[in-house]
Engineer: 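Below is a structure I'd like to ask you about.
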There are 2 protein chains.
Amino acid sequence: MDRRLTQRGKERKRQLMDFAATRFAESGYHPTSVAEIVEGMGVGKGVFYWYFASKEELLLEILREAQLDMRRRQQSEMGDSTDPVDRLESGIRATMYWLAEHRDLMSLFEFAQADEHFGPLLRPGRDNSMSDVMRHVQEAMVAGRVPNGDPFVVSHAIIGVTNHLARVFILGREEPAEDVAQAAIMFCRSGLLGQRGGTGCRLR
Amino acid sequence: MDRRLTQRGKERKRQLMDFAATRFAESGYHPTSVAEIVEGMGVGKGVFYWYFASKEELLLEILREAQLDMRRRQQSEMGDSTDPVDRLESGIRATMYWLAEHRDLMSLFEFAQADEHFGPLLRPGRDNSMSDVMRHVQEAMVAGRVPNGDPFVVSHAIIGVTNHLARVFILGREEPAEDVAQAAIMFCRSGLLGQRGGTGCRLR
DNA sequence: GTCGAACTTGACCGGTCGGTCTAGTTTTCC
DNA sequence: GGAAAACTAGACCGACCGGTCAAGTTCGAC
């Protein structure tokens, strides 16, 4: 679906994607019909198929854009520090903030990841983010900041903590991103460095 | 759907549930039609609706049974030890083994958890498992085996690591449950105790 | 002003879905 | 052996789904 779009066209497409994302997040991808989307926006069905080849393509585009945006945020946030562990923490914090700002997209990720069809299509993007994390873990190990181990496993453990806490505390309980980030960092840090952080956890 | 079932009836129902679980795991819940299930089993549609009120009920029953079975396994495995941290580790190990033995059900959980309709229905069961974990964390904190903190957050962090590593290494890469359990335990332990375990990780 | 591209409408289509129902067969139990 | 209960088959149903299309409108470039 490669169409030359005018400014107006781009705006329409944006509206469609945003609206669909909320509906998908609210009611689920399968249960939300194309008819529902266009009716909800008060436009004809032709509009939908002018901008997207299919319902599936729409979701894919939403997902791709979201992955890209999240990764950009993570990378820009992780850029500054010289210490690899600090960079990791910035990454966790950036992730939490992004997810808190895009709760719809978070639940869309949840769905897509578990889905037999869409899950595999998410892989490339996830692998990219994964290798971002892994690079810093590896660097931290080389620098002796973190005990040696399999960086792949450790990276996945970090991602597991981050994602799960995000799901429970941000998606489920709407806690402030900063607090959740702190909790995740604290657990990961103790896991990584073998020492307990000072202050207690603010969460709850 | 409360029917008196003969032995034969119970077996049929079992077959239906097992077969449906595999199909749901392979192709997804929504894309798998009731017609597909009964055709795949070589029976008529009447059979399906004799045992289940609806497609949704079927999934619910599968899910409920699976949750119960997993929890039983976790509890029986966690029972022995006097040390709360050991119990936690046994729980992680039990979880990994169970998930490795029921990969279909694991991906069904993934789906249901992310689903807008089924997700909430999974809550009660998850809350039960959650409080099992939390009890031991709390006990470990009281006993001074683990630094103080919010047991709710720490428990979720443990669950996050366990589930994510299971998803990646057991569902995705079919690694041995024992190795994955070791990896999860190692990460959680360092996180919990502030000390690095001795041996390196066997995974990969 | 005009012409083609961008955009929009909504009736329509074939197909599939979850679920019903009737008519039948088998099993169980007295 | 006979009646009731358990079980099975599969044609059938209305609803809805994703997607098409012909026709019409608006916009922007020249």
Side-chain angles (χ1 to χ4, degrees), chain A residues 1-24 26-63 108 111-112 115-118 121, chain B residues 1-24 26-63 108 111-112 115-118 121:
Chain A
M1 188 67 30
D2 280 340
R3 282 202 204 281
R4 289 190 56 211
L5 299 181
T6 62
Q7 189 54 31
R8 174 183 163 211
K10 286 179 193 166
E11 280 161 20
R12 253 272 184 272
K13 192 172 175 181
R14 247 279 68 75
Q15 287 171 11
L16 247 350
M17 286 174 69
D18 289 345
F19 188 80
T22 8
R23 297 293 272 233
F24 287 160
E26 270 170 18
S27 326
Y29 171 75
H30 289 295
T32 303
S33 66
V34 175
E36 241 174 287
I37 294 171
V38 294
E39 273 160 33
M41 287 198 42
V43 300
K45 232 180 195 182
V47 173
F48 185 97
Y49 286 97
W50 177 260
Y51 294 103
F52 305 100
S54 65
K55 188 188 172 187
E56 183 185 327
E57 272 258 334
L58 161 65
L59 178 60
L60 248 29
E61 204 148 336
I62 293 172
L63 252 23
L108 227 49
F111 156 74
D115 186 82
E116 290 64 28
H117 180 70
F118 293 106
L121 303 175
Chain B
M1 189 70 21
D2 280 339
R3 284 203 204 279
R4 289 189 56 212
L5 299 180
T6 63
Q7 190 54 33
R8 176 182 163 215
K10 286 179 194 167
E11 281 161 19
R12 255 276 182 270
K13 191 172 175 180
R14 247 278 70 74
Q15 287 170 12
L16 246 351
M17 284 174 70
D18 289 345
F19 187 79
T22 10
R23 296 293 272 234
F24 287 160
E26 270 171 18
S27 326
Y29 171 75
H30 289 294
T32 302
S33 67
V34 175
E36 240 173 286
I37 294 171
V38 295
E39 274 160 33
M41 288 198 44
V43 299
K45 235 181 194 182
V47 174
F48 186 97
Y49 286 97
W50 176 259
Y51 294 103
F52 304 100
S54 64
K55 187 187 171 188
E56 181 185 328
E57 273 259 333
L58 162 65
L59 178 61
L60 249 27
E61 205 148 335
I62 293 173
L63 253 21
L108 227 50
F111 157 74
D115 186 82
E116 289 66 27
H117 181 70
F118 293 105
L121 303 174

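In this text, all values refer to a predicted model and were calculated from it rather than measured experimentally. Every chain is numbered from 1 and lettered A, B, ... according to where its sequence line falls, protein lines coming before strand lines.
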Engineer: Kindly confirm or rule out a cation-pi arrangement of A:Lys55 over A:Phe48, judged by NZ or CZ under 6.0 Å from the six-membered ring centre and within 45° of its axis?
Structural biologist: no

Engineer: Considering the options A:Leu108, A:Asp18, A:Leu16, which one meets the side chain to side chain contact (heavy atoms under 4.5 Å, CB included) requirement together with A:Ile62?
Structural biologist: A:Leu108

Engineer: Rounded to whole angstrom units, what separation is found between the CD atom of A:Glu39 and the P atom of C:dT8?
Structural biologist: 17 Å

Engineer: Distance check needed: C:dG19 C1' versus B:Tyr51 OH, whole Å only.
Structural biologist: 18 Å

Engineer: All N/O contacts under 3.5 Å from nucleotides 20-30 of chain C to the protein, with atom names and distances to one decimal?
Structural biologist:
none

Engineer: Looking only at side-chain atoms of B:Trp50, point me to the closest of D:dA9, C:dG18, D:dT8.
Structural biologist: D:dT8

Engineer: Measure the CG-OH distance between A:Leu58 and A:Tyr29 for me, rounded to the nearest 0.5 Å.
Structural biologist: 7.5 Å

Engineer: Mind grabbing the angle between the end helix axes of the helix from C:dG1-D:dC30 to C:dC30-D:dG1? Five pairs an end, 10° rounding.
Structural biologist: 20°

Engineer: Expressed in angstrom and rounded to an integer, what is the separation of A:Glu11 atom CD from C:dC7 atom P?
Structural biologist: 11 Å

Engineer: If every non-hydrogen atom of A:Glu36 is compared with every non-hydrogen atom of A:Arg23, which pair is closest and at what distance?
Structural biologist: OE2-NH2, 3.7 Å

Engineer: For residues B:Arg3 and B:Trp50, report the shortest heavy-atom separation together with the two atoms involved.
Structural biologist: NE-O, 2.5 Å

Engineer: Roughly how many Å is it from NE2 in B:His30 to P in C:dT16, rounded to a whole number?
Structural biologist: 19 Å

Engineer: Any idea which heavy atoms bring B:Gly44 and B:Val38 closest together, and the distance?
Structural biologist: O-CG1, 3.7 Å

Engineer: Start at the 5' end of DNA chain C and walk down; is the nucleotide closest to B:Lys55 or to A:Arg3 reached first?
Structural biologist: A:Arg3

Engineer: Using a 4.0 Å heavy-atom cut-off, does B:Val38 contact any base of the nucleic acid, only the sugar-phosphate backbone, or nothing at all?
Structural biologist: nothing

Engineer: Can you identify which nucleotide, out of D:dC17, D:dA9, C:dT8, has its nearest atom closest to the B:Val47 side chain?
Structural biologist: D:dA9

Engineer: In whole angstrom, give the distance that lies between atom CD1 of A:Ile37 and atom P of D:dG19.
Structural biologist: 11 Å

Engineer: Can you classify the ring geometry of B:His30 versus A:His30 as parallel (below 30°), tilted (30 to 60°) or perpendicular (above 60°)?
Structural biologist: tilted

Engineer: Between atom CZ in A:Phe48 and atom C1' in C:dG10, what is the gap in whole Å?
Structural biologist: 16 Å

Engineer: In whole Å, what is the span from the CG atom of A:Leu5 to the P atom of D:dC27?
Structural biologist: 16 Å

Engineer: Take the angle between the ring planes of A:Phe111 and A:Phe118 and call it parallel below 30°, perpendicular above 60°, tilted in between.
Structural biologist: tilted

